[in-house]
Number of protein chains: 2
Amino acid sequence: MLNGFGKHVLESKSVLSDASKEYIDSIDMRQNSFMEGEIVYNAGDSVNYVHIVQQGWLTSLNVLANGGRQLLNFYTPNDLVGLEFLSSKETPSTLKALSASTLVSVQRDDFVKIMRESPSLMEHFLLIVGLQDVIMQERICSMSRMDAKHKIVYFLLLLKSKVDVKTQEESQSLFLPLTQYEIADSLGLTNVTVSKVMSELERSGYIQYKRQRIEFLNSVDLTKMVDFKDRYAQFSKRLRGRDNIATAA
Amino acid sequence: MLNGFGKHVLESKSVLSDASKEYIDSIDMRQNSFMEGEIVYNAGDSVNYVHIVQQGWLTSLNVLANGGRQLLNFYTPNDLVGLEFLSSKETPSTLKALSASTLVSVQRDDFVKIMRESPSLMEHFLLIVGLQDVIMQERICSMSRMDAKHKIVYFLLLLKSKVDVKTQEESQSLFLPLTQYEIADSLGLTNVTVSKVMSELERSGYIQYKRQRIEFLNSVDLTKMVDFKDRYAQFSKRLRGRDNIATAA
DNA sequence: CGAATTCTTGATAGCCCTCAAGATACGTGG
DNA sequence: CCACGTATCTTGAGGGCTATCAAGAATTCG
């Protein structure tokens with residue numbers, strides 16, 4: 001039941017740098033496609049799969065008691081979805097496709113089996129989840145004390161950072177498949193406030209904003225404004241250093 | 001350089017359930033004590049150690065650009081500190097003792113070495129960090145959309161849950177070595193608001209509150225009020241299930 | 001070209017912060 | 001055991017930020 005593309009993704013450096021290859025061949029991997037807006041799983045579903053993003057943008061989110069939504073994480077190609085709740089019976093959040101997406105899904109038990117066969121792979125996963133945790137902690141800092149403007153700047157820089165690490169280059173132009181409602185739902189704001197802040201950031205000359213695209217005109221000052229720490233870049237840099245050491249050894 | 005107490009902690013079920021014991025003997029572990037209010041490390045310090053809490057309460061926190069503080073995590077005996085930034089060069093947050101505390105500190109490289117020798121230990125750590133991540137995500141939900149009253153109820157239930165799992169029993173009385181300033185700094189509120197909400201919760205008959213101690217008079221309704229999910233208890237239950245399976249196999 | 005979605009802009013209201021003053025609890029030294 | 005200073009908590013008044021509501025504009029898509 002080997003899926004060629006899935007195998008390729010699992011073998012790719014970003015995910016399974018050195019898993020025992022013979023185990024991969026015995027794994028049941030399914031490739032699934034989802035339309036824009038489609039739900040991959042709902043909060044409370046059984047945890048049966050770990051997913052690898054091939055194409056598209058997805059988000060994890062929670063529907064709150066008051067009817068509001070909280071967007072939690074964004075997933076782009078090569079991201080792993082589900083590492084943080086491997087131990088859970090039920091998924092803690094919903095996964096929704098923001099754009100047309102393709103996922104490779106690996107059964108949880110198979111995934112754990114692969115992981116156990118490759119300690120260095122498991123260590124890699126530990127570091128990834130650790131990074132996610134640190135980023136969540138820093139998001140809490142930004143959510144709790146910043147005003148709307150600073151929250152939004154922080155959010156945009158975090159997304160930019162994530163995309164930049166993926167593309168291995170720093171781009172001042174960011175594709176952003178999010179409506180203002182969705183940005184608002186990421187930050188505990190309303191779409192009205194997002195609109196007003198975006199306009200203000202444009203007037204101030206920091207960004208240029210059109211639907212689905214943001215140009216950063218002064219990312220240096222924006223970074224200072226919110227004291228943004230680029231954990232994705234630090235992690236990526238550090239990981240490359242580790243790989244070199246491992247290769248040398 | 002073996003420290004008997006440290007060895008005991010590392011061997012205890014909660015941390016190193018089955019690490020290769022011969023490695024533990026070669027590890028340099030130091031036991032350090034900290035006074036109330038003392039800083040263990042500051043944000044930005046090099047990551048040199050992983051710490052195991054023996055006694056006391058500690059908190060990780062960030063000092064924000066505007067001078068405010070954000071308390072992030074609380075650590076109680078047998079907790080591990082530092083798992084989530086094993087891959088980082090610098091600590092992302094400050095660690096401060098809330099009460100007189102004792103820590104066993106293991107050098108990061110030694111800790112990683114132990115971990116690599118015991119995949120099941122590493123898997124355990126992966127699950128722990130995953131749990132932390134999930135809890136952080138849910139804290140974001142509570143921070144972004146809840147009003148002050150609901151934030152505080154959520155916060156108290158989360159602390160209660162953590163303590164209950166540690167003590168393996170559900171207690172309606174919670175020792176809480178936090179001032180109202182510190183609760184406020186955990187939630188992005190002010191001490192004034194915390195005071196007012198606490199009084200209101202008392203008037204409504206939900207809790208009885210005195211400095212450093214809270215009695216829950218109706219934790220069922222409080223849990224419903226904020227739709228609280230007890231991830232600590234779920235994790236603990238699930239882990240015991242896994243252990244049984246592992247033993248049977 | 002028309003309908004639906006998304007975004008903009010303004011007016012109003014509510015929650016929580018800020019500021020302030022007093023009350024209570026705690027620790028220390030006599 | 002008491003007195004005093006400090007830290008913590010309580011309570012009230014006023015103001016700012018963002019939610020809510022609403023109406024219209026712009027964009028997208030069939």
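Values in this document were obtained by computation on a predicted structure and should not be read as measured data.
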> From the 5' end of DNA chain C to its 3' end, which nucleotides mark the outer limits of contact with chain A, defined by a 4.0 Å heavy-atom distance cut-off (strictly under)?
Replying inline: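 Listed 5' to 3', the contact boundaries are dT6(C) to dA11(C).
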Answer yes or no: is there a donor N or O on one side and an acceptor on the other, between the side chain of [X] and the main chain of [Y], under 3.5 Å?
{"X": "Ser173(B)", "Y": "Ser171(B)", "answer": "no"}
{"X": "Ser99(A)", "Y": "Trp57(A)", "answer": "yes"}
{"X": "Thr91(B)", "Y": "Gly44(B)", "answer": "yes"}
{"X": "Ser236(A)", "Y": "Tyr232(A)", "answer": "no"}
{"X": "Arg108(B)", "Y": "Val47(B)", "answer": "yes"}
{"X": "Ser161(A)", "Y": "Leu157(A)", "answer": "no"}
{"X": "Thr59(A)", "Y": "Asn73(A)", "answer": "yes"}
{"X": "Glu36(B)", "Y": "Ala97(B)", "answer": "no"}

> OP1, OP2 of dT27(D) versus side-chain N and O of Gln212(A): anything below 4.0 Å?
Replying inline: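 For dT27(D), neither OP1 nor OP2 has a side-chain N or O of Gln212(A) closer than 4.0 Å.
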>> Quick check on Phe175(B): does its CZ atom have over 12 non-hydrogen neighbours (other residues, nucleotides or ligands) under 6.0 Å away?
In response: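 Correct, the count exceeds 12.
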>> Hydrogens and angles aside, do Gln234(A) and Glu90(B) bring a side-chain donor and acceptor to less than 3.5 Å of each other?
In response: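 No - no donor-acceptor pair under 3.5 Å links their side chains.
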> Any chance the side chains of Gln172(A) and Ser219(A) put a donor and an acceptor closer than 3.5 Å?
Replying inline: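 Yes, a side-chain donor-acceptor pair sits under 3.5 Å.
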>> If you take any heavy atom closer than 4.0 Å to DNA chain C, which residues from residues 58-66 of chain B end up in contact?
In response: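 Within residues 58-66 of chain B, no residue comes under 4.0 Å of DNA chain C.
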> With a 4.0 Å cut-off on heavy atoms, is Thr190(A) in touch with a base, just the backbone sugar-phosphate, or nothing at all?
Replying inline: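 If one applies the 4.0 Å heavy-atom cut-off, Thr190(A) turns out to touch a base.
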> What does Gly68(A) touch in the nucleic acid at a heavy-atom separation under 4.0 angstrom: a base, only the sugar-phosphate, or nothing?
Replying inline: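 No contact.
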> Looking at DNA chain D, which of residues 201-208 of chain B put a heavy atom within less than 4.0 Å of it?
Replying inline: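 Residues of residues 201-208 of chain B that come under 4.0 Å of DNA chain D do not exist, since none gets that close.
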In whole angstrom, what separates [X]'s [atom1] from [N]'s [atom2]?
{"X": "Met146(A)", "N": "dG16(D)", "atom1": "CE", "atom2": "P", "value": "23 Å"}
{"X": "Leu178(B)", "N": "dC9(D)", "atom1": "CG", "atom2": "C1'", "value": "15 Å"}
{"X": "Glu200(B)", "N": "dT11(D)", "atom1": "CD", "atom2": "P", "value": "13 Å"}
{"X": "Tyr181(A)", "N": "dT20(D)", "atom1": "OH", "atom2": "P", "value": "11 Å"}
{"X": "Lys149(A)", "N": "dC17(D)", "atom1": "NZ", "atom2": "C1'", "value": "14 Å"}
{"X": "Ile152(B)", "N": "dC9(D)", "atom1": "CD1", "atom2": "P", "value": "12 Å"}
{"X": "Asn191(B)", "N": "dA7(D)", "atom1": "CG", "atom2": "C1'", "value": "12 Å"}

> Which nucleotide in the set dA13(D), dT18(D), dC9(D) lies at the smallest distance from any side-chain heavy atom of Lys196(B)?
Replying inline: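 Looking only at side-chain atoms, Lys196(B) lies closest to dA13(D).
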> Where along nucleotides 21-26 of chain D does protein come under 4.0 Å, by heavy atom, of base (B) or sugar-phosphate alone (S), with - for untouched nucleotides?
Replying inline: B----B
>> Going by salt bridge (Lys or Arg N to Asp or Glu O under 4.0 Å), name the pairs with one or both residues in residues 161-176 of chain B, residues two or more places apart or in two chains.
In response: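 The answer is Asp79(B)-Lys162(B), Asp79(B)-Lys166(B), Lys160(B)-Asp164(B), Lys160(B)-Glu170(B).
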> What residues, two or more places apart in sequence or in another chain, satisfy side-chain hydrogen bond (donor to acceptor under 3.5 Å, both in side chains) together with Gln132(A)?
Replying inline: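 Gln132(A): no side-chain hydrogen bond (donor to acceptor under 3.5 Å, both in side chains) contacts found.
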> Taking the nucleotide of DNA chain D with the closest heavy atom to each, which residue, Thr193(A) or Met198(B), is nearer the 5' end?
Replying inline: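 Result: Met198(B).
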>> Is the ring pair Phe85(A)/Tyr41(A) parallel, tilted or perpendicular, if the boundaries are 30 and 60 degrees?
In response: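 Because their plane-to-plane angle is over 60°, the rings of Phe85(A) and Tyr41(A) count as perpendicular.
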